[in-house]
Amino acid sequence: MSNNIISTYKFKPFHFTVLRKDCDPAQGSIYRFGYQLVCNNNAYILSFRSFNVQTNDAPGQRVMRQIWKYSLDSGEWKVVNCKNVPQELVTSYKIVTLPGDIIIIFGGIGVPSGGICRNRMYLANLANEYKENGMSFIDLEESGDVPLPLYGLGVVMDGKYIYSIGNSSGSKHEMDVHRFDLSTRKWELLYKSLGEDEDPNPRHQHKVVFSKGRIYIFGSKIRDADNFIYFGFKKIHMFDVANKQWHLFPTKPDHKEPEPGYPINRCFHSCVQCPEKSNLVYLCGGLGDFQTFNDVWRIDIDTMQWGKADQLYNASSITERSDLDPANRSIDITGARDDDTQWKVICWEAMIHYFKEAMVLSLSMSVKENWV
């Protein structure tokens, strides 16, 4: 163990700290784009990254795709041993995980970016990464009402079902609702958007969550002529899976905050659902017309009550409004616990704080013994 003096561990809800600084000099020449993040078993963050490697002979032309895994315990990134990462995908795809180590990638835009839309679904088992040939993605055979090959959709999972909400072809946006049954590998069209009064306005890159048989969508934007329309949070659209209907619910403001007491309209925000209490949804960061947000809000979708967290969050991924500049992109990882964190999680975090080196070394040795 290191002889460095270790500070006293203190549990601080909503206090965001940098867990991992993206400061690897070897990565400085890489322009990352279109990567998606998903948490797996509360132990790892998985990222399917597409990036251009700047070379002297063909700057920006060498596109690479990899699966990366970040350990929440060790605080380190590593490339997952995977032999056939889907190469046609660049951005706007979605990643979901099943209980265990199953990863599913769906949709997205191929090469060139914005030119080819996809509607294929790929599945891999992360448990195979330590085998000689590594893990391998398979292209699932799909049948039924397969969604059109579009992008910008919202995807959420419940049990054996994957729900796809909305999509875009670049010039046309829809808010159809599809459901994929993993047991039969068959798609079903649950709702065809016809512009009814309760239908949500067409949009893309919206955030979705699933709770108690209902799907909720949050924010995003759409281009109207030469301007963007940003969707707000005073009212939330909900799709009831049982009766296959959309409903629009007014939300309640946080009266402790200055008016309006709601998150400001935005897109490209994060939306995270509490694992233990699915009714609690956290909204972080995002972009508006003239600003980059660094606030954190929580809504209880059972009561539709908004509340703003006391601490601020320094959003990563795109750090400035000029989001096309590679210099303004980052994969710094910042994290915080909420005020409903379980005691066992707090105790584990304290152990990592005091004994990280010894625990990571022990885990590494165990993995080698089991797989080598």
Side-chain angles (χ1 to χ4, degrees), residues 34-51 63-71 77-111 116-167 176-190 205 207-210 215 241 273 275 367 371:
Y35 63 87
Q36 301 282 332
L37 299 176
V38 65
C39 188
N40 182 50
N41 295 331
N42 293 320
Y44 300 101
I45 294 174
L46 297 174
S47 172
F48 178 21
R49 302 184 190 173
S50 300
F51 50 84
V63 180
M64 297 183 64
R65 297 158 189 84
Q66 296 174 330
I67 299 290
W68 285 65
K69 181 173 74 172
Y70 174 82
S71 170
W77 281 107
K78 63 167 289 187
V79 180
V80 175
N81 182 17
C82 184
K83 301 301 183 183
N84 61 337
V85 179
Q87 291 296 299
E88 72 271 24
L89 302 182
V90 173
T91 187
S92 294
Y93 44 81
K94 301 296 177 180
I95 304 177
V96 295
T97 58
L98 280 67
D101 294 297
I102 303 300
I103 306 169
I104 293 177
I105 298 177
F106 173 64
I109 306 174
V111 178
I116 305 174
C117 298
R118 306 289 179 179
N119 63 349
R120 302 304 304 159
M121 187 173 291
Y122 302 91
L123 181 148
N125 189 346
L126 189 64
N128 295 327
E129 67 168 314
Y130 295 107
K131 293 184 178 180
E132 182 178 356
N133 294 324
M135 76 175 195
S136 178
F137 277 93
I138 60 172
D139 187 351
L140 293 183
E141 293 292 335
E142 306 167 65
S143 63
D145 302 317
V146 181
L148 296 174
L150 304 172
Y151 73 96
L153 61 165
V155 171
V156 69
M157 186 171 183
D158 179 65
K160 67 175 183 176
Y161 295 114
I162 295 176
Y163 295 87
S164 168
I165 302 93
N167 43 48
D176 299 344
V177 181
H178 290 79
R179 180 171 66 184
F180 182 73
D181 188 331
L182 283 165
S183 64
T184 63
R185 300 186 180 183
K186 185 175 181 178
W187 283 100
E188 176 187 3
L189 176 62
L190 298 184
Q205 297 293 4
K207 307 301 180 183
V208 297
V209 300
F210 189 100
I215 299 170
V241 174
Q273 193 170 10
V367 169
W371 291 97

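Met135 contributes atom CE, which lies 5.0 Å from atom CD1 of Ile67 (distance to the nearest 0.5 angstrom). Ile102 contributes atom CD1, which lies 9.0 Å from atom CG of Leu126 (distance to the nearest 0.5 angstrom). Rounding to the nearest 0.5 Å places OH of Tyr161 at 6.5 Å from OG of Ser183.
Evaluation of the side chain to side chain contact (heavy atoms under 4.5 Å, CB included) rule for Leu189 yields Asp145, Asp176, His178, Lys192 as partners, not counting sequence neighbours. Here Tyr163 pairs with Phe210 under the ring-ring contact (aromatic ring centres under 6.0 Å, His included) rule; sequence neighbours left out.
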* **Steps toward side-chain contact (heavy atoms from CB on, under 4.5 Å) verdict (Tyr70, Lys78)** => CA-CA 7 Å; Tyr70 174 82; Lys78 63 167 289 187; over 6 Å; no

* Take Val241 and Asp158, measure what side-chain contact (heavy atoms from CB on, under 4.5 Å) needs, and give me the verdict at the end. => CA-CA 11 Å; Val241 174; Asp158 179 65; over 6 Å; no

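In this structure the side chain of Ile162 reaches within 4.5 angstrom of the side chain of Met121, judged on heavy atoms. Between Phe137 and Cys82, the closest side-chain pair of non-hydrogen atoms falls below 4.5 Å. Inter-residue side-chain proximity for Arg120 and Phe106 is flagged as unmet; no heavy-atom pair is nearer than 4.5 Å.
The number of heavy atoms from other shown groups lying within 6.0 Å of NZ (Lys69) is above 12.
Of the residues Ile105, Leu140, Asp139, the one that meets the side-chain contact (heavy atoms from CB on, under 4.5 Å) test with Leu123 is Leu140.
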